[in-house]
> 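Below is one structure. I have some questions about it.
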Amino acid sequence: MERHKVPRTKELEFGGPLGALLLLILLPTTVFYLLLVCRTEQASLLSLPLPLPTLHSLWNPQDLALVLGWMGLQAVLYMLPTGKLMEGIPLRDKSRLQYRINGFHAMWLTALAVGAGLAAGLRLSYMYDHFLQLAFSAFLVAFGLSVLLYLKALLAPESKLALGGNSGNPIYDFFMGRELNPRIGTFDLKFFCELRPGLLGWALINTAMLVKETELRGSPSLAMILVNAFQLLYVVDALWHEEAILTTMDIVHDGFGFMLAFGDLAWVPFLYSLQAHFLVTHPQKLSLPITAGIIILNGLGYFIFRGANSQKNTFRRNPADPKVAGLQTIPTATGRRLLVSGWWGFVRHPNYLGDLIMALAWSLPCGLAHILPYFYILYFTGLLIHREARDERQCLKKYGLAWQEYCRRVPYRIFPYLY
Ligand code: NDP
């Protein structure tokens with residue numbers, strides 16, 4: 001095999017080309033189905049047939065321009081020479097890419113721009129009124145971007161391809177993503193999409209839902225405030241710790257194709273905001289004890305999530321850091337060690353556990369009468385179980401016997417004594 005040439009992908013995920021094709025259809029359908037259900041009075045997943053919008057009513061050039069304008073604004077903020085430059089982890093050819101870490105600045109500048117717009121009379125509730133059209137536009141952008149990424153990857157040298165997106169089957173590779181770190185000059189398309197337009201878009205949509213609720217009922221409800229505050233904390237946290245994304249599976253392992261482009265640009269902003277969306281038309285009253293309980297639950301989830309992620313990131317960056325130096329570890333043949341006490345000795349994915357506890361706290365303000373606002377935690381449990389299994393396979397390959405030893409000493413994957 002020629003040096004840096006990427007081998008054909010043999011182990012196919014998501015059921016191979018057929019699974020990828022089904023997901024290409026299923027993911028957009030799911031978003032639309034849930035958004036349509038959310039806008040019905042019963043908000044019941046079984047209330048079929050749904051009043052289906054026509055394609056003509058979904059297509060609105062102004063909304064497409066808004067989505068593109070939003071992405072353009074985020075791209076300009078991404079290119080500002082603020083923040084620090086960080087290196088990603090070494091690539092297969094041992095080179096390292098540089099990334100500009102200025103997401104937190106972008107968030108503040110976006111908040112200022114939105115605040116100024118609101119003060120000048122911007123009607124943010126337009127987003128609620130045109131939600132389906134905006135979602136449709138985001139689909140088109142994600143699909144268009146995926147096509148461009150696929151074509152770009154055809155011209156890229158083999159050394160730039162992701163190991164998982166080179167099966168030779170165009171549907172599978174289009175879905176999984178062929179190129180690992182597609183860039184235009186220094187503009188990293190995957191890194192940009194992972195945390196900027198979609199994540200900030202999610203916070204913007206939540207705000208728009210709060211504004212809409214205020215227009216309808218005079219003031220935002222406690223439930224809406226909780227959902228907004230919890231999810232804003234999550235977004236702010238992700239941007240504050242932006243550099244942590246450089247070691248995630250998405251950046252290190254997965255190519256940039258439809259799966260990530262659609263996830264980042266359409267799925268996250270339009271579905272993760274489902275609880276706030278639901279509350280606009282299905283108001284909930286929360287008692288103070290219940291509110292306190294939900295806040296404590298979110299705090300507990302955040303404590304575990306942040307504690308676990310920070311502990312691993314600190315350890316990976318500098319194992320001699322006094323915050324982690326006292327933890328027990330297992331040596332591996334690669335020279336890297338695995339934590340086996342602290343959060344990572346509790347379960348093998350404590351960060352997923354914390355994330356799922358928060359997910360529950362985001363749904364509870366929507367009451368117990370509907371399953372729809374619980375979609376996020378149900379889907380997220382599935383996603384993290386699947387992600388955990390993928391990660392375990394990769395860690396077993398990477399660390400072999402040391403990983404087996406880790407699994408023996410820390411037997412539970414995500415939920416202590418359960419799984
Ligand atoms: P993780 O942060 O869980 O990283 C997994 C990697 O950590 C492994 O590949 C291994 O890499 C390292 N690792 C595993 N065990 C140990 C150990 N005992 N000691 C030291 N290192 C270890 O990856 P994710 O990208 O899946 O998750 C990051 C965060 O993002 C999580 O909090 C997750 O919940 C969240 N997330 C949120 C999503 C959302 O949609 N809201 C979607 C996906 C993730 P190595 O050894 O090479 O360092």
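Model, not experiment: these values are computed from the prediction. Order of listing sets the numbers, starting from 1, for every ligand and every atom in it.
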> Once the angle between the rings of F131 and H277 is folded into 0 to 90°, is it parallel (under 30°), tilted (30 to 60°) or perpendicular (over 60°)?
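Judged by the thresholds at 30° and 60°, the geometry between F131 and H277 is perpendicular.
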> Let me check something: any side-chain donor-acceptor pairs from residues 15-38 under 3.5 Å, sequence neighbours excluded? List them with distances.
{"from": "T29", "atom 1": "OG1", "to": "I25", "atom 2": "O", "distance (Å)": "2.4"}
{"from": "T30", "atom 1": "OG1", "to": "L26", "atom 2": "O", "distance (Å)": "2.6"}
{"from": "Y33", "atom 1": "OH", "to": "L45", "atom 2": "O", "distance (Å)": "2.1"}

> Using the six-membered ring wherever Trp is involved, compare the ring planes of F346 and W343 and label them parallel, tilted or perpendicular (cut-offs 30° and 60°).
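Correct class here is perpendicular.
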> Does Q394 reach ligand 1, in the sense of a heavy atom lying below 4.0 Å from it?
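For ligand 1, residue contact (heavy atoms, under 4.0 Å) with Q394 is absent.
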> Please assess R306 against N351 for the test side chain to side chain contact (heavy atoms under 4.5 Å, CB included), listing each intermediate value before the final yes or no.
CA-CA 7 Å; R306 179 48 35 226; N351 49 353; over 6 Å; no
> Can you tell me the protein heavy atom closest to atom 25 (O) of ligand 1 and the distance?
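Nearest neighbour among protein heavy atoms for atom 25 (O) of ligand 1, to 0.1 Å: R387 NH2, 2.9 Å.
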> May I ask you to list the atoms of ligand 1 that are less than 4.0 angstrom from any heavy atom of Y272?
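That gives atoms 39 (C), 40 (O), 41 (N) of ligand 1.
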> Is atom 1 (P) of ligand 1 less than 4.0 angstrom from some protein heavy atom?
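Yes, there is a protein heavy atom closer to it than 4.0 Å.
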> Please verify the inter-ring angle class for F143 with F258; under 30° counts as parallel, over 60° as perpendicular, anything in between as tilted.
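The arrangement is perpendicular - the two ring planes meet at more than 60°.
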> Purely on distance, is any nitrogen or oxygen of L339 under 3.5 Å from one on ligand 1?
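Between L339 and ligand 1, an N or O pair is found under 3.5 Å apart.
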> Ring centres under 6.0 Å, that's the criterion: do F262 and F139 meet it?
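So the answer is yes for these two rings.
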> Checking R39 against Y128: charged group under 6.0 Å from the ring centre and within 45 degrees of the axis?
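Yes, R39 lies over the aromatic ring of Y128.
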> Check ligand 1 against Y399 and write out every atom of the ligand that is under 4.0 Å from a heavy-atom position of the residue.
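In order of numbering, the contacting atoms are 45 (P), 46 (O), 47 (O).
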> Provide the closest heavy-atom pair for D237 versus F305 in the form atom of the first, atom of the second, distance.
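Scanning both residues, the minimum pair turns out to be OD1-CE2, 3.5 Å.
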> Does an N or O anywhere in R337 fall below 3.5 Å from an N or O of ligand 1?
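No, R337 has no N/O under 3.5 Å of an N/O on ligand 1.
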> Looking at D391, which atoms of ligand 1 are within less than 4.0 Å of one of its heavy atoms?
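Within the 4.0 Å cut-off of D391, ligand 1 contributes 5 (C), 6 (C), 8 (C), 9 (O).
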> Considering only non-hydrogen protein atoms, determine which one is nearest to atom 12 (C) of ligand 1 and report residue, atom name and distance to 0.1 Å.
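Heavy-atom neighbour on the protein nearest atom 12 (C) of ligand 1: K312 CD, 3.6 Å.
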> How far is atom 41 (N) of ligand 1 from its nearest protein heavy atom, and which residue and atom is that?
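Atom 41 (N) of ligand 1 sits closest to the protein heavy atom Y234 OH, 3.0 Å.
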> Would you say that more than 12 heavy atoms from the other residues, nucleotides or ligands in this model lie under 6.0 Å from the OH of Y419, or not?
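More than 12 within 6.0 Å, yes.
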> Closest non-hydrogen protein atom to atom 32 (O) of ligand 1, residue and atom name please, with distance?
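It is N309 ND2, 2.9 Å.
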> So, does K398 sit close enough to ligand 1 that a heavy atom of it is under 4.0 Å from the ligand?
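So K398 counts as touching ligand 1.
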> Report the nearest protein non-hydrogen atom to atom 31 (C) of ligand 1: residue, atom name, distance rounded to 0.1 Å.
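Nearest protein contact, heavy atoms only, for atom 31 (C) of ligand 1 is N351 ND2, 3.5 Å.
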> Counting non-hydrogen protein atoms only, what is the nearest one to atom 10 (C) of ligand 1? Give residue, atom name and distance.
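Its nearest protein heavy-atom neighbour is C395 SG, 3.9 Å.
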> For ligand 1, which atoms, with element, lie under 4.0 Å from some heavy atom of F380?
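Counting atoms of ligand 1 from 1, those under 4.0 Å from F380 are 37 (C), 38 (C), 39 (C), 40 (O), 41 (N).
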> Knowing that exactly one of F256, F187, Y99 qualifies, which makes a ring-ring contact (aromatic ring centres under 6.0 Å, His included) with F192?
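It is F187; the other options fail the test.
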> Among all the protein's non-hydrogen atoms, which is closest to atom 26 (O) of ligand 1, and how far away is it?
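Result: Y352 OH, 2.4 Å.
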> Any pair with a residue in residues 181-210 that passes side chain to side chain donor-acceptor pair (under 3.5 Å), sequence neighbours left out, goes on the list, sorted by first then second residue, please.
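Of all non-adjacent pairs touching residues 181-210, those that pass side chain to side chain donor-acceptor pair (under 3.5 Å) are N102-R196, R183-D188, R196-E242, W202-Q231, N206-Q231.
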> As an exercise, identify every atom of ligand 1 less than 4.0 angstrom from a heavy atom of Y406.
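The list of qualifying atoms is 18 (N).
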> If we check side chain to side chain contact (heavy atoms under 4.5 Å, CB included) with Y234, which of these qualifies: Y272, W362, Y302?
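Running side chain to side chain contact (heavy atoms under 4.5 Å, CB included) over Y272, W362, Y302 with Y234 returns exactly one hit, W362.
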> Below 4.0 Å from ligand 1: does a non-hydrogen atom of Y379 turn up there or not?
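Y379: no contact with ligand 1 (<4.0 Å).
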> Nearest protein heavy atom to atom 36 (N) of ligand 1, by residue and atom, and its distance?
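Answer for atom 36 (N) of ligand 1: D355 OD2, 3.8 Å.
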> Does any N or O of ligand 1 fall below 3.5 Å from an N or O anywhere on R316, backbone included?
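By distance alone, the answer is yes.
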> Which atoms of ligand 1 have any heavy atom of T248 under 4.0 Å away?
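In order of number, 25 (O).
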> Applying a heavy-atom cut-off of 4.0 Å, say which part of A244 lies close to ligand 1: side chain, backbone, both or neither.
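Within the 4.0 Å criterion, A244 makes no contact with ligand 1.
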